[in-house]
Amino acid sequence: MNLLLTIVTITALLSMILMIVSFWLPQMTPDYEKLSPYECGFDPVGSARLPFSLRFFLIAILFLLFDLEIALLLPLPWGDQLASPLLTFLWATGVLSLLTLGLVYEWIQGGLEWAE
């Protein structure tokens with residue numbers, strides 16, 4: 001019981017010290033940039049009806065697609081321990097070739113160009 005009381009006391013004391021230090025230590029001089037909300041490069045106080053480039057969303061979708069591809073291929077090193085590892089590697093090669101062909105198609109169509 002004495003050990004439990006000691007641990008609770010030390011924890012409460014340390015928490016109180018950290019709260020007091022975090023309250024008094026920082027300088028309270030926020031500027032306009034820190035007080036404004038971050039809206040992915042858009043002006044948060046301007047009109048919400050301003051046109052924006054859809055290329056931003058194309059790049060975001062391509063990023064998500066290749067991020068998903070990495071997540072799908074993460075278990076591939078353990079695929080050689082399966083009963084038929086050749087089939088696993090053929091499926092992985094098919095996924096990679098399909099994504100590569102899609103990327104080449106987007107590149108040829110000019111979908112990855114920021115400036116016209």
Side-chain angles (χ1 to χ4, degrees):
M1 186 68 177
N2 195 14
L3 179 65
L4 183 63
L5 183 64
T6 306
I7 290 174
V8 169
T9 305
I10 290 174
T11 304
L13 186 65
L14 186 62
S15 298
M16 290 300 293
I17 289 172
L18 288 176
M19 284 192 303
I20 290 170
V21 167
S22 70
F23 181 73
W24 292 107
L25 189 63
Q27 297 177 359
M28 298 296 204
T29 55
D31 58 350
Y32 175 73
E33 294 295 325
K34 287 185 179 181
L35 291 177
S36 68
Y38 179 68
E39 294 290 336
C40 298
F42 298 113
D43 187 20
V45 278
S47 174
R49 304 284 183 199
L50 292 175
F52 53 90
S53 175
L54 290 177
R55 292 187 179 168
F56 170 77
F57 294 105
L58 176 67
I59 297 298
I61 288 172
L62 284 174
F63 173 76
L64 288 175
L65 182 70
F66 284 103
D67 198 33
L68 178 66
E69 172 239 343
I70 290 171
L72 288 175
L73 294 178
L74 272 177
L76 191 60
W78 290 277
D80 63 346
Q81 299 173 3
L82 295 174
S84 60
L86 183 62
L87 184 63
T88 304
F89 292 131
L90 284 177
W91 276 105
T93 304
V95 168
L96 282 175
S97 61
L98 183 66
L99 287 172
T100 304
L101 287 174
L103 181 64
V104 167
Y105 176 76
E106 284 292 328
W107 197 328
I108 290 173
Q109 293 295 321
L112 300 177
E113 298 293 326
W114 282 106
E116 296 184 23

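Keep in mind that the numbers below use all heavy atoms, side chains included, and drop hydrogens, waters and symmetry copies.
- Other members of the cluster containing L5 do not exist, because no ILVMFWY side chain is joined to it at under 4.5 Å.
- By the side chain to side chain contact (heavy atoms under 4.5 Å, CB included) test, A92 is found to be paired with L73, L76, residues two or more places apart in sequence or in another chain being considered.
- Of the inter-residue distances, the one linking D67 atom CG with L62 atom CG reads 12.0 Å to the nearest 0.5 angstrom.
- Evaluation of the side chain to side chain contact (heavy atoms under 4.5 Å, CB included) rule for L68 yields L72 as partners, not counting sequence neighbours.
- In this structure I7 satisfies the side chain to side chain contact (heavy atoms under 4.5 Å, CB included) test together with L3, T11, sequence neighbours excluded.
- In terms of the side chain to side chain contact (heavy atoms under 4.5 Å, CB included) criterion, residue partners of L82 (sequence neighbours excluded) are, by chain and number, T88.
- Residue L14 is found in a hydrophobic cluster whose other members, listed by chain and number, are L18; membership requires side-chain heavy atoms under 4.5 Å apart, directly or through intermediates.
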Atom pairs and distances, side-chain donor-acceptor, residues 94-102, under 3.5 Å, sequence neighbours left out:
residue: S97; atom: OG; partner: T93; partner atom: O; Å: 3.0
residue: S97; atom: OG; partner: G94; partner atom: O; Å: 2.9
residue: T100; atom: OG1; partner: L96; partner atom: O; Å: 2.7

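- Other residues sharing the hydrophobic cluster of I10, ordered by chain and number and joined by side-chain separations under 4.5 Å: none, the residue standing alone.
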